[in-house]
Amino acid sequence: MKLYQKLRTAVPRLVLGQEDEEEEEEEEDADTPTPTGHSRLAPWWVGSGLLLSAVLLSAVTVWVLRQVSGGWHSPTPPSQCHQVPESHRFDCYPERRVVVTRELCEGRGCCFIETSPAVGGTRGVPWCFYPPDFPSYALQSLNQTALGMAGLLVRREKAYYPRDIGVLRLDVELETDTRLHVKITDAANPRYEVPLDVPRAKKRAENPIYSLDFSKDPFGLLLRRRDTGTVLLNTTVAPLIFADQFLQISTALPSRFLYGLGEHRSTLLHSLDWSTLTLWARDVSPTESFNLYGAHPFYLLLEEGGDAHGVFLLNSNAMEVALQPAPALTWRTIGGVLDFYIFLGPDPNAVIQQYQEVIGFPAMPPLWALGFHLCRWGYGSSNETWQTVRAMRNFQIPQDAQWNDIDYMDGYRDFTFDAQKFASLPSLVEDLHKHGQHYVMILDPGISSTSPRGSYWPFDEGLRRGLFINTTQGQPLIGQVWPGYTAFADFSNVDTRRWWLENLQRFHAHVPFDGVWIDMNEPSNFMDGSEEGCPPGELDSPPYTPAVLGDSLSAKTVCASAKQSASVHYNLHNLYGLMEAEATASALIQIRGKRPFVISRSTFPSQGRYSGHWLGDNRSQWKDMYYSIPGMLSFSLFGIPLVGADICGFSGSTSEELCTRWMQLGAFYPFSRNHNSQNEKAQDPTVFSPAARTAMKDVLLTRYSLLPFLYTLFHRAHVHGDTVARPLFFEFPQDTATYGLDRQFLWGRSLLVTPVLEPGVDSVMGYFPRGVWYDFYTGSSVNSSGEMLKLSAPLEHLNLHLREGSILPTQKPGPTSEASRGNPLRLIVALSPGATAWGDLFWDDGESLDTFERGSYSYLVFNATENIFTSSVLHTSTKAASTTIGTLSIYGVQEPPHKVLLNGQEKPFSYLDNQVRPHLGCPVLEGCPQPWQGAEGAAQGGFLGR
């Protein structure tokens, strides 16, 4: 018999401390594995293990599971089934569009109990679920290796999906003290694995903060955090299934606080009330419950007490993740292998850093990428585009980049521009460059296939070289996108990347663009599959199809059976946007010799190394503005910090109030772009009333003043894997009130953004974790005990607050980032109750490649303590030589000082409402190296006195 159990289960410890390893090695190294017998497992659904064991033993005598081609047919005794609590019922029949009957369910050997339908028609408690003794794999052998363990898993009875694999290989590597790698695959035959460059451990972790135990029969893995004993993974709760096109593994979870698993439109904190999240890249306007543009099989979970861990399944096939209130989670994928990385943190920031050590840290963006971007689909001409740019300049509204959507193209064909309507496009780009601005254009991966032969080089040359995705018959697969019938570039082919570069070079010679916006790269197709449909077979019609929109893998994309250089599209679909981004970033580096700027719609883990992301074709609605915050924060978890939504909404017409509030929020997206659709009212800041236009301009000037701080945050993301925009629980993991907050967010650890997300209000509620928080604009303070506060929020105002103990480098804003970067710095010091604060500044030329790696940068650390402020230069570069620290604003000074000294010389200062502002004029490279302080000291009114 086989039992499945919940947490706090006693299991045979195959791997414990060092004292047990030698004994275990001797046992496992025997030539013939010794049968392990049944594990001593404590049942979780009754109070007495002896009672349940007696019930199950008696049941086995009358219930014989027999396997036939259709599955398990003998019914399960009701006594076993009814003892399984509803929240712990793992779905045995997850197929959609099937009415699951008792006959179908019991044909699989599972329990069938009808329950009340879920509210709203969603899936609720499964009627068909696994009994406690459903057949699974047994751990036949386990041997020590240099990095961990390797073993064999054996299934003695076939599963109900075709071509199940009888013998699996288990590899466990203790890669670091905080990272565990567990991989399960076919022991006899190679299988497709994601072609992602991941680090390889060279030695076994010496002091892991986790312990790992196994159940032998049925096989299960239990992962614990050593210091708390918390069980992070327990895969014994449901059977492991590993068939050729259906892989499933479940685990109990230590809490309900689960985040990640994108791309979806949802709250930041996922609901575990029987929800299913599907990962299969799809072109669809962001809608709740739909699988969207990207696939990110990674979750972060907060444990009771504030520790955190993360789990990454390195698998690119179509998959779904089923969540249930036990709490528990089930991974289902239809190909590849089960390749898990587990990150032990122990805090949320550390988990994301450890995740990015595997998938790669994000690229450092150029400084201009952090400015304001403007675009719309529907600029009728280059002159109309130019007119918008001039209007922005006339009103002195900051702007770094102007974009064009597909209407610049000739017949919507890539690498062309309309010689009539966009004849002045090269001149427009030249004008942008003269004003320190930049130009970004859109490209789609669908290449028009209908032009007369010899008239359209991109298709002709791609066809000649064989660079397109092919049908099973070896001919280019033809779908339909904006230009009509199209072929799709195969970016898994290294030769395609060369052809892509050549196309970009040819176009850049006419229109010297600075960045590329890659859209429609799921890839999107206006047809299902191709102009000829898709062939019959188990790639396009697999035995199990996850809950994808359209109920088919080929819905609005290409056939899963299509052939690519690296594999079939069935395996590579979710990688398409990643591979295009990598090719595009590489081409931009070769063309411009500077940091690339790429924004992609479809994404996959490691995308941050090559591109940023925008959240897709949203709508001009208040709820869409709200959903942009959890969307942005989720991508921070995914290692793609350069992220934002279409400000004011893409489809539909915005209102002045909505657009004003959205511009305020959007000014604090890491990637800030206003974009809307054709045939809608213009929504750039210049078209609104003077009051709204001024409010939009003011908040953009605030963003530009914070560019030194934002740029430093991106440096830390690039080098250390820090998040830029982050949820409040990242900084306050012990404060459970922060766990569900997704209407506010932080920049870094210290700048709290509280936007208005509702119409017709002049105030907003915001949560302030325990501590002192300062109004960004005035320096007025609130000492919070951890509470919701009502904040005044007239239409022209966005609430920003600084956390105690922080120092922010800011700058006088200019019309562009290039103009701003030459202005003096203003450092804002937000003192803690102990009169201390810390901050830093990374500064370079803003665009050159690998400045940190080559040492071509300046890095300064700022400290305030005991009435003394110091600026320490830890690394120097002449690029920052002309920058000066103009003023210092110190928040939290209770009484005015008598004097302020710099290097022994008295400096002028002002004092108003809790803050001191000395005027310095100190060169950054000198770092204000000498301490300066209030002459009379704290007790006699020194400026840092309390």
Side-chain angles (χ1 to χ4, degrees), residues 1-15 28 33-46 49 52-53 55-57 59-60 63-67 71-72 74 76-77 80-81 83-84 88-92 108-111 129-142 149 151-161 164-170 172 182-187 212-223 231 233-243 246-252 326 328-332 338 340:
M1 98 184 66
K2 300 172 175 64
L3 304 179
Y4 295 91
Q5 78 290 343
K6 195 191 174 188
L7 301 181
R8 298 180 297 278
T9 301
V11 298
R13 289 203 146 201
L14 300 187
V15 182
E28 296 297 341
T34 303
T36 59
H38 300 300
S39 305
R40 294 181 292 106
L41 303 177
W44 47 267
W45 51 78
V46 296
L52 180 60
S53 297
V55 171
L56 296 182
L57 285 169
V60 166
W63 185 45
V64 179
L65 291 172
R66 54 189 179 84
Q67 193 275 334
W72 306 91
S74 297
T76 301
Q80 293 189 68
C81 300
Q83 290 164 353
V84 182
H88 293 75
R89 294 177 181 176
F90 290 83
D91 200 344
C92 178
R108 291 185 171 182
C110 292
C111 298
F129 57 94
Y130 294 108
D133 56 356
F134 194 90
S136 184
Y137 288 86
L139 179 59
Q140 184 182 74
S141 64
L142 189 68
M149 291 143 276
L152 291 179
L153 310 179
V154 177
R155 173 180 279 279
R156 297 184 178 88
E157 301 176 76
K158 298 185 76 63
Y160 50 81
Y161 285 104
D164 64 331
I165 298 168
V167 182
L168 303 176
R169 177 182 173 89
L170 169 70
V172 178
V182 178
K183 184 176 178 181
I184 302 174
T185 188
D186 189 335
L212 187 63
D213 305 328
F214 296 92
S215 167
K216 288 189 175 182
D217 191 0
F219 165 73
L221 179 151
L222 279 87
L223 179 69
V231 178
L233 296 177
N234 175 3
T235 69
T236 66
V237 293
L240 166 66
I241 297 178
F242 200 120
F246 185 87
L247 291 71
Q248 176 176 279
I249 190 169
S250 302
T251 181
L329 172 152
T330 297
W331 299 91
R332 299 188 194 105
L338 297 176
F340 289 100

### Message
Is there a disulfide bond (SG atoms under 2.5 Å apart) between C110 and C92? Walk through the geometry before answering.
### Response
CA-CA 7 Å; C110 292; C92 178; 2.0 Å; yes
### Student check: side-chain heavy atoms of R155 and I241 closer than 4.5 Å
yes
#### Entry: Minimum side-chain heavy-atom gap Y137-I184 below 4.5 Å
no
### From CG (L240) to OG (S136), nearest 0.5 Å
5.0 Å
### Query
Considering only heavy atoms from C-beta outward, does the side chain of R156 approach that of P135 to under 4.5 Å?
no
### Message
With side chain to side chain contact (heavy atoms under 4.5 Å, CB included) as the criterion, how do L233 and L222 come out once you've worked through the C-alpha distance, each side chain's angles and the decisive distance to 0.1 Å?
### Response
CA-CA 5 Å; L233 296 177; L222 279 87; over 6 Å; no
### Message
Between V172 and L212, is there a side-chain heavy-atom distance shorter than 4.5 Å?
### Response
yes
### Query
With F340, which residues qualify under ring pair (Phe, Tyr, Trp, His ring centres under 6.0 Å), at least two apart?
W331
### Query
Who passes ring pair (Phe, Tyr, Trp, His ring centres under 6.0 Å) against F246, sequence neighbours left out?
Y161, Y544
### Query
How would you list, by chain and number, every residue that makes a ring pair (Phe, Tyr, Trp, His ring centres under 6.0 Å) with F242, sequence neighbours excluded?
none
### Query
Roughly how far, to the nearest 0.5 Å, is NZ of K216 from OG1 of T236?
15.5 Å
### Query
Less than 4.5 Å apart, any side-chain heavy atom of F214 and any of L221?
yes
